Amino acid sequence: MTGFDAGDLVLRGVTVYGIRHGLDHYGTTIRLLAEGALEAKPLIHAVLPLERAAEAFHLLEHGRNGAPKIILSLREGA
């Protein structure tokens, strides 16, 4: 979505909902992962090297099913 007409939303009575990103939960999530209470592997769709960042963003926008996360690795040979 590149833009919208706020007036059109108001006139049509459209309600817009948003989702908080969850930055305030990162510390707790990292702790739970470190303690083994959560497992990250089921959330990861792919691990790609940084050189394939364009492909990673394409996958995020189109054509991936299942796990929601794509990791860009800074390590060589990843």
Side-chain angles (χ1 to χ4, degrees):
M1 180 177 195
T2 58
F4 62 91
D5 180 351
D8 187 44
L9 294 177
V10 172
L11 291 174
R12 293 187 316 156
V14 174
T15 302
V16 177
Y17 294 95
I19 298 172
R20 285 183 34 170
H21 187 270
L23 292 174
D24 51 334
H25 300 290
Y26 279 12
T28 301
T29 303
I30 290 169
R31 181 180 53 78
L32 292 170
L33 287 165
E35 293 172 353
L38 294 177
E39 187 179 342
K41 190 173 182 175
L43 300 174
I44 300 170
H45 176 78
V47 178
L48 301 173
L50 185 58
E51 297 79 27
R52 293 174 59 190
E55 178 184 346
F57 283 101
H58 180 79
L59 285 169
L60 288 170
E61 190 173 358
H62 313 282
R64 76 174 154 53
N65 295 318
K69 304 295 181 186
I70 296 177
I71 306 297
L72 287 175
S73 176
L74 302 177
R75 294 184 188 175
E76 287 188 35

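Everything numeric in this text was worked out from a predicted model, so none of it was measured.
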Measure the spacing between CD of Glu51 and OG of Ser73 and express it to the nearest 0.5 Å. 9.0 Å

Minimal non-hydrogen separation, Leu72 against Ala53, with atom names: CD2-CA, 3.8 Å

With rounding to the nearest 0.5 Å, note down the distance linking NZ in Lys69 to CD1 in Ile44. 10.0 Å

Distance check, rounded to the nearest 0.5 Å: His62 atom NE2 versus Leu60 atom CG? 10.0 Å

Given side chains that start at C-beta, do those of Leu48 and Ile70 come closer than 4.5 Å, heavy atoms only? yes

Which heavy atom of Pro42 sits nearest a heavy atom of Ala67, and at what distance? O-CB, 3.4 Å

Check which hydrophobic residues are tied to Leu32 through side-chain heavy-atom contacts below 4.5 Å, counting indirect links as well, and list them. Leu33, Leu38

So, taking the atom named CZ in Arg31 and the one named CD in Glu35, what distance separates them when rounded to the nearest 0.5 Å? 5.0 Å

Applying side chain to side chain donor-acceptor pair (under 3.5 Å), name anything that partners Glu39, two or more places apart in sequence or on another chain. none

